[in-house]
Amino acid sequence: RKEVEQDPGPFNVPEGATVAFNCTYSNSASQSFFWYRQDCRKEPKLLMSVYSSGNEDGRFTAQLNRASQYISLLIRDSKLSDSATYLCVVNPNTGFQKLVFGTGTRLLVSP
Amino acid sequence: DVKVTQSSRYLVKRTGEKVFLECVQDMDHENMFWYRQDPGLGLRLIYFSYDVKMKEKGDIPEGYSVSREKKERFSLILESASTNQTSMYLCASSPGHRDVGEQYFGPGTRLTVT
């Protein structure tokens, strides 16, 4: 079983739609969770951290469910510029800030 | 603004050649990382370093070595390149133990081994 699993998509949505991605992780000792964004042919960049209490940043909301070991990302009012691959990232708490990256979920927002 | 630069965007090498990939960060970060990214496999950690002259193996260190002689520079070395090392190589840095999760990536080097 992969440490971090994501649906690769693509998710095709029209502008203005709400879209949600989930990600599951296998190590119950994992402590820190993040969403990164990667544009086509570009490097990954941190989008937001995921806290136990949830985290909201504008149109983006991240949630953590420790009992079921999944993380979610909700994007409201999708923009064309949201088209990218979203990487779920977990710190498995193995003694150093090693991160485990999911393979990503691709989002395509169309006019 | 944090900047991580990599020596080449595209590189083509022949099987058996020794290959050096250079990474430089300008924000005095303690930690530096080398990943490779392949379709369907995501980013996989090759090596990382948390201090000058220190290095730790990641998940896929075979066929690679690293060097960190100065804090700002982290080099990845392919001792004898093979075709299965064709990939996108990404370098990253991060400030320290408190800032788990925010890694700053360079633009990547797309290496092709023929």
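These numbers were taken from a predicted model, which means no experiment stands behind them.
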* Asked: Distance from A/Leu87 atom CG to B/Gln37 atom CD, nearest 0.5 Å?
  -> 7.0 Å
* **Which portion of B/Leu90 sits near chain A, non-hydrogen atoms under 4.5 angstrom** => side chain
* Asked: Should A/Phe101 and A/Phe21 be counted in the same cluster of Ile, Leu, Val, Met, Phe, Trp and Tyr side chains packed under 4.5 Å apart?
  -> no
* Drop me the distance from A/Leu99's CG to B/Ser94's OG, to the nearest 0.5 angstrom. => 8.0 Å
* Asked: Would you say A/Ile75 and A/Val89 are hydrophobically clustered, going by side-chain heavy atoms of ILVMFWY under 4.5 Å?
  -> no
* **A/Pro8 versus chain B, the contacting section by heavy-atom distance below 4.5 Å** => neither
* **Most contacts with chain B, counted as non-hydrogen pairs under 4.5 angstrom, among A/Lys2, A/Gln38, A/Lys45** => A/Gln38
* Structure fact -> Separation between CE (B/Met88) and CZ (A/Arg41), nearest 0.5 Å, reads 8.0 Å
* Which ILVMFWY residues can you reach from B/Ile77 by hopping between side chains whose heavy atoms are under 4.5 Å apart? -> B/Phe20
* Does the side chain to side chain contact (heavy atoms under 4.5 Å, CB included) test come out yes or no for B/Gln103 and A/Tyr36, once each step is laid out? -> CA-CA 10 Å; B/Gln103 294 186 6; A/Tyr36 274 66; 3.7 Å; yes
* Structure fact -> Test side chain to side chain contact (heavy atoms under 4.5 Å, CB included), reference A/Pro44, set B/Tyr35, B/Tyr104, B/Phe105, output is B/Phe105
* To do: Determine, using the 4.5 Å side-chain heavy-atom cutoff (strictly less than), whether A/Leu73 and A/Tyr70 are members of one ILVMFWY cluster.
  => no
* Asked: Going only through I, L, V, M, F, W and Y residues with side-chain contacts under 4.5 Å, is there a path from A/Leu46 to A/Tyr25?
  -> no
* Asked: Mind checking what makes side-chain contact (heavy atoms from CB on, under 4.5 Å) contact with A/Ala20, not counting sequence neighbours?
  -> A/Leu74
* Can B/Asp59 and A/Lys98 be said to form a side chain to side chain contact (heavy atoms under 4.5 Å, CB included), step by step? -> CA-CA 10 Å; B/Asp59 298 317; A/Lys98 172 186 165 179; 2.8 Å; yes
* Asked: Does A/Arg106 CZ have over 12 foreign heavy atoms under 6.0 Å away?
  -> no
